[in-house]
Amino acid sequence: MKTLYFDHCASTPPYEQVVRTVGELMAQHYANAAALHRSGVEAARLVERARAAVAERMGARPEEVVFTSGGTEGNNLALKGVYFASSRRGPKHIVTTPIEHASVDQTVRQLQRWGATVTYLPVDATGRVSAADVAAALRPETVLVSVMHVNNETGVIQPVEEIGRLLAGHPRVRFHVDGVQAVGKVPLDWAASGIDLYTASAHKFRGPKGAGFMLVREGTPLEPLLAGGGQEGGLRSGTSNVAGIVGTAQALRLAMETREARAAKMHRLRRQLLGLVRGIPELVLNVPEEAEAVAPHVVNVSYPGMRPEVLVHLLEEQGVLVSTQSACSSKSLKPSRVLLAMGLDEARAAGSIRISLGDEHTEEDIRLLAERLGAAVAKLKPLERSMR
């Protein structure tokens with residue numbers, strides 16, 4: 001039986017070239033990039049070449065690229081770094097949404113416990129934030145707005161560039177965007193976006209785990225989380241992960257060079273999947289159908305009244321790997337807070353699974369996925385009432 005991996009939002013299979021590159025670098029360029037000897041200098045050069053390559057692909061300047069360990073660290077550094085670097089006295093106000101990834105949501109809640117006041121913006125029935133609501137939420141004491149680019153459960157694209165243009169008239173407010181699910185999938189004009197901080201994680205675009213980057217616009221005040229040797233312009237101390245950094249740059253190049261073609265292919269596969277899921281009456285789609293509203297790789301579907309982990313494990317027995325909610329929240333038995341925020345009832349929000357597509361998938365893979373999904377639902381149908 002062919003195993004079908006449909007969990008690309010959680011992690012992606014790395015490019016074979018990236019695997020080779022990372023292995024070779026670990027074996028040959030193991031020196032500390034901060035060392036003064038020849039091997040250290042060469043390692044530092046590799047890091048700076050990777051920084052320039054990432055900047056070029058993202059439309060940024062090399063000095064705007066800060067390498068991190070991935071999305072969680074980047075989001076923590078962005079939010080806490082801006083909050084603690086703010087010179088404002090008295091209460092500080094943050095604007096965000098109820099649909100953010102846990103690494104943003106939990107960081108904001110931590111800052112709230114430390115004295116921040118927080119406004120959570122509403123989202124519409126598709127899970128989209130309004131730029132007008134952002135404008136209405138701003139206060140004199142607002143120091144930070146954080147809105148993700150692509151939602152990790154539904155794939156809905158947020159109007160981050162529109163929000164960035166709006167915030168250009170508020171120079172004391174910093175704008176953070178979690179771009180983890182967007183990089184390599186949807187376009188971004190960084191230079192004109194008005195975004196101050198943009199986070200990315202390499203293993204979401206077929207790079208290595210434990211590596212990522214953040215774009216930090218020049219002049220953005222940022223207090224480092226890690227004190228130490230002053231690497232990454234003093235913003236992120238710690239020995240440089242040379243192999244991971246170079247692997248990140250290589251994976252980003254490969255992803256960006258083929259982004260438009262891959263996106264077009266995945267949108268076709270997504271449309272095919274939506275059509276097949278509609279033929280399974282027990283399932284309900286939780287995502288918009290319009291291609292322009294969503295990233296091409298995410299489908300969210302509910303079996304109301306059925307615990308999603310039961311469906312996930314039954315699919316796994318048939319060689320289909322999907323997830324519930326985000327990978328970071330997949331072990332939680334609580335209803336999806338993203339779907340609840342969209343106004344869906346608790347049965348739908350508690351019974352959702354996420355299917356996320358990748359470069360390797362074909363129309364035949366989608367057909368097999370739908371076939372096995374239908375078989376799993378048919379097997380579970382007699383249990384539906386007892387699972388409520």
Side-chain angles (χ1 to χ4, degrees), residues 2-58 60 62 65-74 77 103 179-185 199-215 226 228-229 231-232 236-259 261-262 266 297 321 323 327-328 356-362 365:
K2 180 180 181 180
T3 298
L4 300 172
Y5 181 79
F6 282 102
D7 201 15
H8 279 246
C9 280
S11 195
T12 57
Y15 290 110
E16 291 182 11
Q17 295 167 256
V18 172
V19 173
R20 289 195 299 270
T21 296
V22 170
E24 290 170 5
L25 285 166
M26 290 181 69
Q28 298 172 20
H29 294 279
Y30 44 79
N32 191 317
L36 297 178
H37 50 65
R38 185 186 313 156
S39 293
V41 170
E42 180 57 31
R45 284 183 185 144
L46 289 170
V47 169
E48 294 313 310
R49 283 185 207 144
R51 194 185 313 281
V54 168
E56 180 182 1
R57 295 296 170 182
M58 295 300 297
V65 178
V66 176
F67 289 114
T68 68
S69 65
T72 293
E73 184 193 345
L77 174 56
S103 61
V180 166
Q181 293 294 346
V183 174
K185 312 225 177 31
T199 50
S201 184
H203 76 105
K204 305 296 188 180
F205 51 83
R206 303 191 66 183
K209 292 181 179 67
F213 63 87
M214 180 166 63
L215 302 183
L226 304 176
Q231 289 88 344
E232 296 302 306
R236 201 273 184 184
S237 292
T239 301
S240 297
N241 176 8
V242 178
I245 287 169
V246 174
T248 295
Q250 185 179 41
L252 182 66
R253 175 180 63 81
L254 293 168
M256 297 297 266
E257 283 178 347
T258 59
R259 184 190 64 77
R262 289 185 301 104
M266 284 191 283
H297 63 302
L321 306 181
S323 64
C328 297
S356 44
L357 314 179
D359 304 358
E360 76 275 18
H361 293 134
T362 64
D365 292 333

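Numbering starts at 1 and runs along the sequence shown.
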| request: Go through Leu226 and Glu73 one step at a time and tell me if the side chain to side chain contact (heavy atoms under 4.5 Å, CB included) criterion holds. | output: CA-CA 10 Å; Leu226 304 176; Glu73 184 193 345; 4.1 Å; yes
Spacing of [atom1] belonging to [X] relative to [atom2] belonging to [Y], to within rounding of 0.5 Å:
| X | Y | atom1 | atom2 | result |
| --- | --- | --- | --- | --- |
| Asn241 | Thr248 | CG | OG1 | 7.5 Å |
| Glu42 | His37 | CD | NE2 | 12.5 Å |
| Thr12 | Tyr5 | OG1 | OH | 7.5 Å |
| His29 | Glu24 | NE2 | CD | 9.0 Å |
| Glu56 | Leu252 | CD | CG | 10.0 Å |
| Asn32 | Thr239 | CG | OG1 | 4.5 Å |

Using a 4.5 Å cut-off on heavy atoms from C-beta on, say whether the side chain of [Y] contacts that of [X].
| X | Y | result |
| --- | --- | --- |
| Glu232 | Thr68 | no |
| Gln181 | His297 | yes |
| Arg206 | Leu254 | no |
| Leu4 | Leu321 | no |
| Tyr30 | Val242 | no |

| message | Quick one: does any side-chain atom of Lys185 pair with a main-chain N or O of Arg259 as donor and acceptor, under 3.5 Å? | response |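 Not confirmed, Lys185 side chain does not pair with Arg259 backbone.
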For residues [X] and [Y], report the shortest heavy-atom separation together with the two atoms involved.
| X | Y | answer |
| --- | --- | --- |
| Met256 | Arg57 | CE-O, 3.4 Å |
| Ala251 | Gly207 | CB-CA, 3.5 Å |
| Asp359 | His8 | N-CE1, 4.3 Å |
| Ala50 | Ile245 | CB-CG2, 3.6 Å |
| Val22 | Ala243 | CG2-O, 3.6 Å |
| Phe67 | Val47 | CE1-O, 3.9 Å |

| task | Mind telling me whether His361 and Phe6 have parallel, tilted or perpendicular rings, with 30° and 60° as the class edges? | result |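 The rings of Phe6 and His361 lie parallel, inter-plane angle below 30°.
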| Is the shortest side-chain N to carboxylate O distance from Arg51 to Glu48 below 4.0 Å? |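 A salt bridge links Arg51 with Glu48.
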| message | For Arg253, is there an ion pair with Glu257 - N to carboxylate O distance below 4.0 angstrom? | response |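 Arg253 and Glu257: salt-bridged.
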| field | Donor on one side chain, acceptor on other, Gln250 and Thr21, under 3.5 Å | value |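 Judged by distance alone, the side chains do pair up.
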| query | Can Leu36 and Val41 be said to form a side chain to side chain contact (heavy atoms under 4.5 Å, CB included), step by step? | reply | CA-CA 6 Å; Leu36 297 178; Val41 170; 5.9 Å; no
